[in-house]
Student: 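Could you have a look at this structure, given as structure tokens, before my questions?
Chain A is the first sequence line, chain B the second, and so forth, proteins listed ahead of strands; every chain is numbered from 1.
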Protein chains: 2
Amino acid sequence: MIGRLNHVAIAVPDLAAATAIYRDQLGATVSAPLPLPEHGVTTVFIDLGNTKIELLAALGDTSPIARFLARNPAGGVHHVCYEVADILAARDSLIASGARVLGSGEPKIGAHGNPVLFLDPKDFCGTLVELEQVADPSGH
Amino acid sequence: MIGRLNHVAIAVPDLAAATAIYRDQLGATVSAPLPLPEHGVTTVFIDLGNTKIELLAALGDTSPIARFLARNPAGGVHHVCYEVADILAARDSLIASGARVLGSGEPKIGAHGNPVLFLDPKDFCGTLVELEQVADPSGH
């Protein structure tokens, strides 16, 4: 069911400092900051060639990463995102197997304009998993 | 400096259960378990097409992931691994920029037979970063 790793999201307390670490110390290609008010985050994409890192900083008073940053003040890996070809089929299969989907269970439009769902970390090795529907999750 | 994302390592308390989640629930291609006594872990590789997940379970009494699992009993993302072309040049550049390398600072031979180093999470957004020297980190 799952295809490529779309991205690894790292929540950070200071987006400018984190961007400088990846750009200047690690020598990576970084994007300009992209505020996504409807998602409560500002994001910077780091292109690694085969996949990307997304740095996430809180935006607004009700950011979904605020609680994570309160628990992890230095930042940390917030979630991993796997690509799927059919997010409703993936959801239904996962629910049938006993896994829990967060929220209403209805996909939302994610930061890349594609339908996304988040899976309960309790059912996935303590890791918050995002599923994102893309046209070709195998990358062929 | 950094090239491709070589892998995301997820530490898990129960390797068989974690493998079943990825194979049966998420429908991914998983390897057989590979004990690496010299690294204190048993690992299962999950091939995602563009990169891989490495499930890590503790092996032996002095596993380097034992403390992580004590703090995160359900498991969680343990580290991310970026590829570099020249690990000594990468190390020297990072140290010159003020970043801290864990351990002696001398590369060890990692799980894939390549030289690796780990960077202090305090200097990298709360994320444990492994650098692995590969022949072609750009994937070209």
Student: Please flag which part of Val12(B) lies under 4.5 Å from any non-hydrogen atom of chain A: side chain, backbone, both or neither.
Tutor: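 Only the side chain of Val12(B) comes within 4.5 Å of chain A.
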
Student: Under 4.5 Å from any heavy atom of chain A, what part of Ile46(B) do you find: side chain, backbone, both or neither?
Tutor: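 Neither part.
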
Student: Working to the nearest 0.5 Å, report the span between CG of Asn72(A) and SG of Cys125(B).
Tutor: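 Reported to 0.5 Å precision, the distance equals 12.5 Å.
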
Student: Should Val77(B) and Leu55(A) be counted in the same cluster of Ile, Leu, Val, Met, Phe, Trp and Tyr side chains packed under 4.5 Å apart?
Tutor: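 Hydrophobic grouping puts Val77(B) with Leu55(A).
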
Student: Measure across Ile21(B) and Asp123(A) and return the closest heavy-atom pair with its distance rounded to 0.1 Å.
Tutor: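 Heavy-atom minimum between the residues: CD1-O, 3.5 Å.
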
Student: Can a donor-acceptor pair be found, under 3.5 Å and without considering hydrogens, that links the side chain of Asn50(A) to the backbone of Asn50(B)?
Tutor: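 Side chain of Asn50(A) to backbone of Asn50(B), a donor-acceptor pair under 3.5 Å: yes, one is there.
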
Student: Check each atom of Ile53(A) against the heavy atoms of chain B and say whether the ones under 4.5 Å are side chain, backbone, both or neither.
Tutor: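 Interface part for Ile53(A): side chain.
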
Student: Looking at every heavy atom in both Gly76(B) and Thr127(A), which two are closest together, and how far apart are they?
Tutor: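 Minimum heavy-atom contact is CA-OG1, 3.9 Å.
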
Student: Honestly curious: do Ile109(A) and Leu88(A) fall in one hydrophobic cluster under the side-chain, below-4.5 Å linking rule?
Tutor: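 In one cluster with Ile109(A): Leu88(A), no.
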
Student: Is it the case that more than 12 heavy atoms not belonging to Arg71(B) sit under 6.0 Å from its CZ atom?
Tutor: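 Result for CZ/Arg71(B): enclosed.
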
Student: If every non-hydrogen atom of Gln25(B) is compared with every non-hydrogen atom of Leu94(A), which pair is closest and at what distance?
Tutor: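 Closest heavy-atom pair between Gln25(B) and Leu94(A): O-CD2, 3.4 Å.
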
Student: If hydrophobic clusters are built by linking Ile, Leu, Val, Met, Phe, Trp and Tyr wherever their side-chain heavy atoms come under 4.5 Å apart, do Ile65(A) and Leu15(A) end up in the same one?
Tutor: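 No; tracing contacts between hydrophobic side chains, which count when under 4.5 Å, never links both residues.
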
Student: With a 4.5 Å cut-off on side-chain heavy-atom distances among I, L, V, M, F, W and Y, is there a chain of contacts connecting Leu128(A) to Ile87(A)?
Tutor: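 No, Leu128(A) does not connect to Ile87(A) through the hydrophobic network.
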
Student: Closest heavy-atom contact between Leu26(B) and Leu119(A)?
Tutor: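 Looking at all heavy atoms of both residues, the shortest contact is CD2-CD1, 4.3 Å.
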
Student: Heavy-atom pairs under 4.5 Å with chain B - which of Gly49(A), Ser97(A), Pro73(A) has more of them than the others?
Tutor: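 Looking at each option in turn, the highest pair count goes to Ser97(A).
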
Student: For the OH atom of Tyr22(A) and the CZ atom of Phe124(B), what is their distance to the nearest 0.5 Å?
Tutor: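 Answer rounded to 0.5 Å: 8.0 Å.
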
Student: Under a 4.5 Å side-chain heavy-atom rule over Ile, Leu, Val, Met, Phe, Trp and Tyr, are Leu59(B) and Val30(B) clustered together?
Tutor: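 Not linked; separate clusters.
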
Student: Where on Ile10(A) is there a heavy atom nearer than 4.5 Å to chain B: the side chain, the backbone, both, or neither?
Tutor: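 The side chain, not the backbone.
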
Student: Only pairs of heavy atoms separated by less than 4.5 Å count here; which of Ala28(A), Gly75(A), Ser93(A), Gly27(A) has the most with chain B?
Tutor: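 That would be Gly75(A).
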
